[in-house]
Visitor: 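Below are the structure tokens for one structure; questions will follow.
Proteins come first, then strands; the chains are lettered A, B, ... in the order of their sequence lines, and each starts at number 1. All values below come from the heavy atoms of this structure, side chains included, with hydrogens, waters and symmetry mates left out.
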Number of protein chains: 2
Amino acid sequence: MLLEDVLKELRKAGIRLTPQRQEVLQALFDGLQGECQPQSAEEILQVVRKRYPGVSPDTVYRTLGTFKKLGLVREVNFRDGCRRFELVLQGGHHHHLVCLRCGRSRELPFCPADCLVRVQEYCPDFEIEDHAFTVFGYCPKCREESRDVFRETVEV
Amino acid sequence: MLLEDVLKELRKAGIRLTPQRQEVLQALFDGLQGECQPQSAEEILQVVRKRYPGVSPDTVYRTLGTFKKLGLVREVNFRDGCRRFELVLQGGHHHHLVCLRCGRSRELPFCPADCLVRVQEYCPDFEIEDHAFTVFGYCPKCREESRDVFRETVEV
DNA sequence: TCCTAGATAGGAATTATTCCTAGTTCCGTT
DNA sequence: AACGGAACTAGGAATAATTCCTATCTAGGA
């Protein structure tokens with residue numbers, strides 16, 4: 001799904017498409033490309049301000065809230081106490097592999113579906129709406145770097 | 001594992017056990033009993049202040065940070081923008097079922113272990129350290145209540 | 001008991017997020 | 001194409017969350 005399609009859907013849903021909102025969408029969309037980097041409100045604000053310098057934080061937060069209610073945006077958290085947001089495209093449900101050192105994340109193409117089934121059996125009266133699966137650890141690059149540091153330490 | 005054992009281990013690890021830290025531990029420990037409610041820093045502060053009214057927020061945050069580094073405390077997030085902390089007891093690894101309405105959580109006795117294996121295969125050079133699996137939805141109680149609201153609306 | 005590295009209180013500073021209000025604008029209707 | 005109004009925005013102020021600073025205190029080893 002392209003950004004333009006998202007815009008069309010929003011308009012269909014009766015959501016006013018201001019330039020600010022379009023920029024927020026664009027920022028979220030760009031964050032999804034390549035390495036899949038959910039962004040903080042601050043990061044999104046900086047991107048939006050490149051084109052519209054006067055945009056206020058409030059606008060970004062409000063827009064993110066609006067999109068979140070529409071199910072277009074999801075909030076994720078990588079245990080560093082920083083809220084991040086990412087676009088949810090059709091069928092774009094996915095999970096994250098997060099490096100505890102550099103904070104970068106990568107999309108995981110797996111879903112603990114069988115686990116969900118077991119959860120539903122365990123709590124039949126609970127209405128499951130969504131789920132998150134996040135794997136934490138150290139990416140190859142950061143492992144390499146910490147190895148270097150170790151070597152230096154030893155060799156001195 | 002009892003709280004006392006945790007204290008012993010901490011002492012062994014060379015961690016100074018001040019009364020404040022013990023109270024933070026106690027609060028975290030109590031949060032684990034019963035319904036499994038990870039607590040916010042503010043909630044923990046309130047509990048600690050019942051016995052030591054002068055304790056500062058800084059102390060709670062510092063203590064949580066220390067415990068987190070030791071692997072004794074884990075930060076969890078239920079997508080409401082609120083950081084929560086919970087004790088990690090030996091073998092106490094578990095996941096959460098979270099109600100999006102009342103915010104209450106319940107411990108899940110399932111672990112997406114096979115998914116982890118697949119992740120490791122998918123990224124052999126990534127060093128997996130930990131993982132989180134959280135299921136969001138609506139608990140029976142909240143579903144009942146929203147049904148009531150619906151009825152009222154209809155019957156008027 | 002003494003000593004001191006490490007911990008604390010309390011207030012100030014910083015950061016993140018939301019509120020408020022007057023003015024602006026998207027977009028359906030004409 | 002212009003109009004009208006509900007919805008949106010900027011900007012500053014308010015609030016909440018978190019961390020910093022420093023003088024003082026203390027847990028626990030010697």
Side-chain angles (χ1 to χ4, degrees), chain A residues 4 6-27 38-70 72-73 75-85 103, chain B residues 4 6-27 38-70 72-73 75-85 103:
Chain A
E4 224 171 292
V6 178
L7 294 180
K8 267 184 201 160
E9 287 214 6
L10 280 179
R11 199 164 290 147
K12 230 187 279 174
I15 301 299
R16 273 176 61 175
L17 281 183
T18 64
Q20 295 90 333
R21 286 184 172 181
Q22 291 187 43
E23 279 304 306
V24 171
L25 263 183
Q26 183 69 58
Q39 294 157 90
S40 67
E42 177 61 26
E43 285 167 339
I44 293 169
L45 179 63
Q46 292 313 322
V47 173
V48 174
R49 280 190 171 164
K50 279 184 193 163
R51 196 180 296 203
Y52 300 101
V55 168
S56 71
D58 194 24
T59 296
V60 170
Y61 281 107
R62 235 182 320 99
T63 302
L64 287 172
T66 303
F67 289 171
K68 211 170 135 184
K69 266 188 206 152
L70 289 169
L72 190 63
V73 159
E75 185 173 338
V76 298
N77 174 283
F78 294 161
R79 283 194 191 161
D80 56 357
C82 172
R83 295 167 72 184
R84 291 163 210 264
F85 302 86
Chain B
E4 225 171 290
V6 177
L7 293 180
K8 266 185 202 161
E9 287 213 6
L10 281 179
R11 200 164 289 147
K12 231 186 277 175
I15 301 298
R16 272 177 63 175
L17 281 182
T18 63
Q20 294 90 334
R21 285 184 171 180
Q22 291 187 43
E23 278 306 305
V24 171
L25 263 183
Q26 182 70 56
Q39 293 156 93
S40 67
E42 177 61 27
E43 285 167 339
I44 293 168
L45 179 64
Q46 291 314 322
V47 172
V48 174
R49 280 190 170 164
K50 279 185 193 163
R51 195 178 300 200
Y52 299 100
V55 168
S56 72
D58 195 24
T59 296
V60 170
Y61 281 106
R62 236 184 317 99
T63 302
L64 287 172
T66 303
F67 289 171
K68 210 170 135 183
K69 267 188 205 152
L70 289 169
L72 189 64
V73 158
E75 186 173 335
V76 298
N77 175 284
F78 296 160
R79 283 194 192 159
D80 56 357
C82 171
R83 297 167 71 185
R84 291 162 210 263
F85 302 86

Visitor: State which residues pass salt bridge (charged side-chain N to carboxylate O under 4.0 Å, His left out) with A:Arg16; sequence neighbours excluded, sorted by chain then number.
Guide: none
Visitor: Would you work out how much the helix from C:dT1-D:dA30 to C:dT30-D:dA1 bends between its ends, with each end axis defined by five base pairs, to 10 degrees?
Guide: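 Both end axes considered, the difference amounts to 40°.
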Visitor: Give the rounded distance in Å between these two atoms: CG of A:Leu64 and C1' of D:dC8.
Guide: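 Rounded to whole Å, this separation is 15 Å.
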Visitor: Do any N or O atoms of the protein come closer than 3.5 Å to N or O atoms of nucleotides 25-29 of chain D, and which pairs are they?
Guide:
from: D:dT26; atom 1: O2; to: B:Arg16; atom 2: NH2; distance (Å): 2.8
from: D:dA27; atom 1: O4'; to: B:Arg16; atom 2: NE; distance (Å): 3.4
from: D:dA27; atom 1: O4'; to: B:Arg16; atom 2: NH2; distance (Å): 3.3
from: D:dG28; atom 1: OP1; to: B:Leu17; atom 2: N; distance (Å): 2.9

Visitor: For B:Gln46, give me all partners under side-chain contact (heavy atoms from CB on, under 4.5 Å), at least two apart in sequence or on another chain.
Guide: B:Glu42
Visitor: For B:Arg62, which residues count as a side-chain contact (heavy atoms from CB on, under 4.5 Å) partner, sequence neighbours excluded?
Guide: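 Partners of B:Arg62 under the side-chain contact (heavy atoms from CB on, under 4.5 Å) test: B:Asp58, B:Thr59.
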Visitor: Using the side-chain hydrogen bond (donor to acceptor under 3.5 Å, both in side chains) criterion, which residues pair with B:Arg21? Sequence neighbours excluded.
Guide: none
Visitor: Could you list by number each residue of residues 39-63 of chain B showing a heavy-atom separation from DNA chain C of less than 4.0 Å, or answer none if no residue does?
Guide: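 Within this stretch, B:Gly54, B:Val55, B:Ser56, B:Asp58, B:Thr59, B:Arg62 sit under 4.0 Å of the strand.
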Visitor: Roughly how far, to the nearest 0.5 Å, is CD1 of A:Ile44 from OH of A:Tyr61?
Guide: 9.5 Å
Visitor: Using atom CZ of B:Arg83 as one end and atom P of D:dA16 as the other, report the distance to the nearest whole Å.
Guide: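 In whole Å, D:dA16 P lies 18 Å from B:Arg83 CZ.
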Visitor: Does anyone know the first and last nucleotide of DNA chain C in reach of chain A, 5' to 3', at under 4.0 angstrom to a heavy atom?
Guide: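 Nucleotide range with atoms under 4.0 Å of chain A: C:dA16 to C:dC27.
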Visitor: Under the side-chain contact (heavy atoms from CB on, under 4.5 Å) test, which residues partner A:Val76, sequence neighbours left out?
Guide: A:Pro38, A:Arg74, A:Phe78, A:Arg84, A:Glu86, A:His96
Visitor: So which atom in A:Glu75 and which in A:Arg83 form the shortest heavy-atom distance, rounded to 0.1 Å?
Guide: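 The answer is OE2-NE, 2.9 Å.
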Visitor: Of the options A:Thr66, A:Thr63, A:Val73, A:Thr18, which is the one that meets A:Val24 in a side-chain contact (heavy atoms from CB on, under 4.5 Å)?
Guide: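 Going through the options one by one, the only one that passes is A:Thr63.
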Visitor: Distance check, rounded to the nearest 0.5 Å: A:Leu7 atom CG versus A:Ile15 atom CD1?
Guide: 12.0 Å
Visitor: What residues, two or more places apart in sequence or in another chain, satisfy salt bridge (charged side-chain N to carboxylate O under 4.0 Å, His left out) together with B:Lys8?
Guide: none
Visitor: Sequence neighbours left out, what passes ring-ring contact (aromatic ring centres under 6.0 Å, His included) with B:Phe67? Give chain and number order.
Guide: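 Here no residue qualifies.
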Visitor: Please name the pair of heavy atoms, one in B:Leu45 and one in B:Val55, separated by the smallest distance, quoted to 0.1 Å.
Guide: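 Residues B:Leu45 and B:Val55, closest heavy atoms: CD1-O, 3.8 Å.
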Visitor: Can you list everything that forms a side-chain hydrogen bond (donor to acceptor under 3.5 Å, both in side chains) with A:Glu23? Sequence neighbours excluded, please.
Guide: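 For A:Glu23 the side-chain hydrogen bond (donor to acceptor under 3.5 Å, both in side chains) partners, ignoring immediate neighbours, are A:Arg51.
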